[in-house]
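All chains are named by letter (A, B, ...) in the order of the sequence lines, taking the proteins before the strands, and each is independently numbered beginning at 1.
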Number of protein chains: 2
Amino acid sequence: METFTIKDIARELNLSTSTVSRALRGSYEINPETKRLVMECAERLNYRPNPIALSLKGSSSRAIGVIVPQIANYFFSQAINGIEAIAYNRGYHVIIFQSQESYEREMANVNQAMSRKVDGLLISLSSETSDVAHLRDVIDKNVPVVLFDRVSAELNVTQVVADNFGGAFAATEHLILSGRRRIAHLTIQPWLSITQERLAGYRAALEKHGLEFDENLIRYGTFGPDEVGPMVDELMALDPIPDAFFTASDRLAVGCLKALHQRQLAIPEDVSLIGFTNLNVADLLSPSLSTVVQPAQEIGQVAAERLIDLIENKQRAKPVDTVKIPTELVVRDSTNFVEHAEPLGAARTL
Amino acid sequence: METFTIKDIARELNLSTSTVSRALRGSYEINPETKRLVMECAERLNYRPNPIALSLKGSSSRAIGVIVPQIANYFFSQAINGIEAIAYNRGYHVIIFQSQESYEREMANVNQAMSRKVDGLLISLSSETSDVAHLRDVIDKNVPVVLFDRVSAELNVTQVVADNFGGAFAATEHLILSGRRRIAHLTIQPWLSITQERLAGYRAALEKHGLEFDENLIRYGTFGPDEVGPMVDELMALDPIPDAFFTASDRLAVGCLKALHQRQLAIPEDVSLIGFTNLNVADLLSPSLSTVVQPAQEIGQVAAERLIDLIENKQRAKPVDTVKIPTELVVRDSTNFVEHAEPLGAARTL
DNA sequence: ACGCACATCGGCAACGTTCCCGATAACGTT
DNA sequence: AACGTTATCGGGAACGTTGCCGATGTGCGT
């Protein structure tokens, strides 16, 4: 099972490497008979073009770079799954980088991906990233880039996101319709696109139902360990206290659920809880967790498809735009609907 | 931010590329002064060696291939996380392949990894794989290979696994000590190493406590969708019926929990449930799930470390062996300990 | 018969890097 | 003074592939 090169074929058939090369890629200026011989010989030797040499030549490397903040994260691992599936079908390999939520590492990752001559870049920004100059460099070099999930409005490239506004609006409205009035929102860094969109959806739902927006009910996480407990404590010390939590990520939803359990707060009797997540065990949690489902895998697939379209068809691929993948509200026990919503402060019974 | 080559430095300093190359890698036969000039110029131009050219030259590609059955799987995504962390620290990139539990795709992945000239291969076998000739080819080519989790005794290479026997033994014994006598074992394909080891641990615990091994209580899954429900139905139709379930994977544990819920079986009153998993939400499930915890991330780290040791130090790296990472039994509500174990067949109350 | 177009193929350079070898000078040895 | 050493560097090939240009041969028109 050794590896044969174009030279071996040339030697075997007493041809030049050029001829073999052109025969292999079906050039018109090669005798059909010669072409047949070459093809057959290549088949016989199980010839496979050397992707490294092709990359060096400057053509395509048939690899795409994927940069995510964390692999061990329900959302990203499923997104990568979608990416890999599409890439495999279209003959590309996936080189994975983790930014670990660090701006420094993200820049390093971008440079490494470039020096590996990836044909395109799929990236979800780290939570530290506010300046996107490093990506602008890549785009200027004419390397296709598609952002997904954690995107940036400053870049004029295709972006693929969940319908964050719509999902947040639906979640918030659901809480309101089930009688909640003081809805806390636990989210992540405020400068991220997804944070802003979800916050906007949350505000819009409040406004629609005539509820006041209270900045005190918003808490911004920082991806640190065990940060959710203190946030919950702060919120529950408010007056009046919140009667619902809307969390913006997998990590926060799980952390919040754990923190509420530890503090002996009953869900949904004391507080409702709804997450913006991608957990496939949400219905098995205690209580089963209402969620806005993000189609992580589909986001990955769409992003990969758009990227490869750009790579293979730079001229007439679909125009740059922002693709919004719909989210879905799934109501479970953590936000049990209360038949007759009671006024704030009244005792709630179930 | 364009990319400079060794030639640019040579032209800049009126030197030959050879001299620059050797200066850069600190050859002794270069004038220290010249060396300084080259270094400084490289620094100034932000020179980065081209990994593609290095790969073509035949030296190292500083990339390792990772082949897993599925990325979107708690165990593997965490293992990959560990792998990537180590690889990054030691200056390697990770190219990921999914075999999708298919033998065909696994072989294709191996070939692709080879043609990408990875410096080493980390692989967890697909559930379809029984023949490992494709890996033997790789090993014969002197490319370092390390197996993890799903390993094969037929290959004389370093393997990194969880302590499957010990974990299964502990889980089974825990069930026995909490009064269970008819313990069903839901596991995966029987020819996989992890299946056999866990089954052996299960049997050993039964034997130690004088319980009979009953083949009827064992069910082998096939990674199909919704396969757990029928398995549970079959098991619960046995006479006498099982009073406990021990599952061998994340997927089976979650599927089993779901199936038991749907069938209105109370956990742990009707049946106990313990999983061999990597779920970090196990304590939030309903009921909280007792598990044997597999240190997925650590397995990935150790495997990556051993592989890179082999790559960089083929002669005197640690000898080939099988590294067993300890597992940990975590008891939660799904296997509540019953104070006075009652004889088989008697009514159980809680 | 001459030239010309066409068909078919080979030679060479190039991508960025390393390595083997040879070249040049300065210096010391006998 | 002739030669060998040593220090320092350049030239060229090689890794596998493609693309440009040129070479060769064949057949045709005039």
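- Each of Val160(B), Leu122(B), Val157(B), Val302(B) was evaluated against Leu307(B); a single residue qualifies, Leu122(B), per the side chain to side chain contact (heavy atoms under 4.5 Å, CB included) test.
- Put simply, Lys35(A) has no side-chain N or O that comes within less than 4.0 Å of OP1 or OP2 on dT8(C).
- Taking the screw axis at each terminus of the helix from dA1(C)-dT30(D) to dT30(C)-dA1(D) from five consecutive base pairs, the angle between the two is 80° to within rounding of 10 degrees.
- For dC9(C), neither phosphate oxygen OP1 nor OP2 lies less than 4.0 angstrom from any side-chain nitrogen or oxygen of Thr19(A).
- Checking Ser126(B) against Glu101(B) by side-chain atom types alone, no donor-acceptor pair falls below 3.5 Å.
- Distance check: Arg116(B) CZ to Ile52(A) CD1 gives 6.5 Å after rounding to the nearest 0.5 Å.
- With a 6.0 Å cutoff to the six-membered ring centre and a 45° limit on the axis angle, Arg105(A) counts as a cation-pi contact of Tyr88(B).
- The separation between Ile9(A) atom CD1 and dT17(D) atom P is 8 Å, rounded to whole Å.
- With a 4.5 Å cut-off on side-chain heavy atoms, Arg44(B) and Glu12(B) count as touching.
- Between Leu37(B) atom CG and dT8(D) atom P there is a gap of 14 Å when expressed in whole angstrom units.
- Put simply, the side chain of Val38(A) does not reach to within 4.5 Å of the side chain of Ile30(A), judged on heavy atoms.
- As rounded to whole Å, 13 Å separates atom P of dT17(D) from atom CZ of Phe4(A).
- Phosphate proximity of dC15(C) to Lys7(B): present, with a side-chain N or O under 4.0 Å from OP1 or OP2.
- Distance, Asp8(B) CG to dC15(C) C1': 13 Å, rounded to whole Å.
- Distance from the side chain of Ser18(A) is smallest for dG19(D) among the nucleotides dG19(D), dC19(C), dG10(D).
- Between Ser21(A) and the phosphate of dT18(D), there is a side-chain N or O to OP1/OP2 separation shorter than 4.0 Å.
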Residues Ser16(A), Thr19(A); criterion side chain to side chain contact (heavy atoms under 4.5 Å, CB included); working and verdict: CA-CA 5 Å; Ser16(A) 80; Thr19(A) 307; 3.1 Å; yes

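- Leu54(B) has its CG atom 15 Å from the C1' atom of dG16(D), to the nearest Å.
- At a threshold of 4.0 angstrom between heavy atoms, the contacts of Ile52(A) with the nucleic acid are absent.
- Ranking dG10(C), dT17(C), dT18(D) by closeness to the Arg25(A) side chain, first place goes to dT18(D).
- Tyr47(A) has a side-chain polar atom (N or O) that falls below the 4.0 Å cut-off from OP1 or OP2 of dT17(D).
- When the P atom of dC6(C) is taken as reference, atom OH of Tyr28(A) falls 11 Å away, rounded to whole Å.
- Among the nucleotides dT8(C), dC19(C), dT8(D), the one closest to any side-chain atom of Asn31(B) is dT8(D).
- Picking from dT17(D), dC9(D), dG16(C) the nucleotide with the shortest atom distance to the side chain of Lys57(B) gives dG16(C).
- Of the candidate nucleotides dC15(D), dT17(C), dT18(C), dT17(C) has the atom lying nearest to any side-chain atom of Ala53(B).
- Taking atom CG of residue Asn50(B) and atom C1' of nucleotide dC15(C), one finds them 8 Å apart after rounding to whole Å.
- For an aromatic pair to be called close, the ring centres must be under 6.0 Å apart, and His93(A) with Phe97(B) satisfies this.
- Picking from dT18(D), dG10(C), dT17(C) the nucleotide with the shortest atom distance to the side chain of Ile6(A) gives dT18(D).
- Taking 4.0 angstrom as the limit, Thr34(B) places a side-chain polar atom (N or O) nearer than this to OP1 or OP2 of dC9(D).
- Of the candidates dC9(C), dT17(C), dC15(C), dC9(C) carries the atom nearest the Ile30(A) side chain, counting heavy atoms from C-beta on.
- Within the nucleic acid shown, Arg22(B) comes within 4.0 Å of at least one base atom, counting heavy atoms only.
- Considering only heavy atoms from C-beta on, Pro69(A) stays 4.5 Å or farther from Gln100(A) through its side chain.
- One finds no side-chain N or O of Ser55(B) lying less than 4.0 angstrom from the OP1 or OP2 phosphate oxygen of dC15(D).
- Remark: P of dT18(D) and CZ of Arg62(A) are 13 Å apart, rounded to the nearest angstrom.
- At a threshold of 4.0 angstrom between heavy atoms, the contacts of Thr5(A) are confined to the sugar-phosphate backbone, with no base atom among them.
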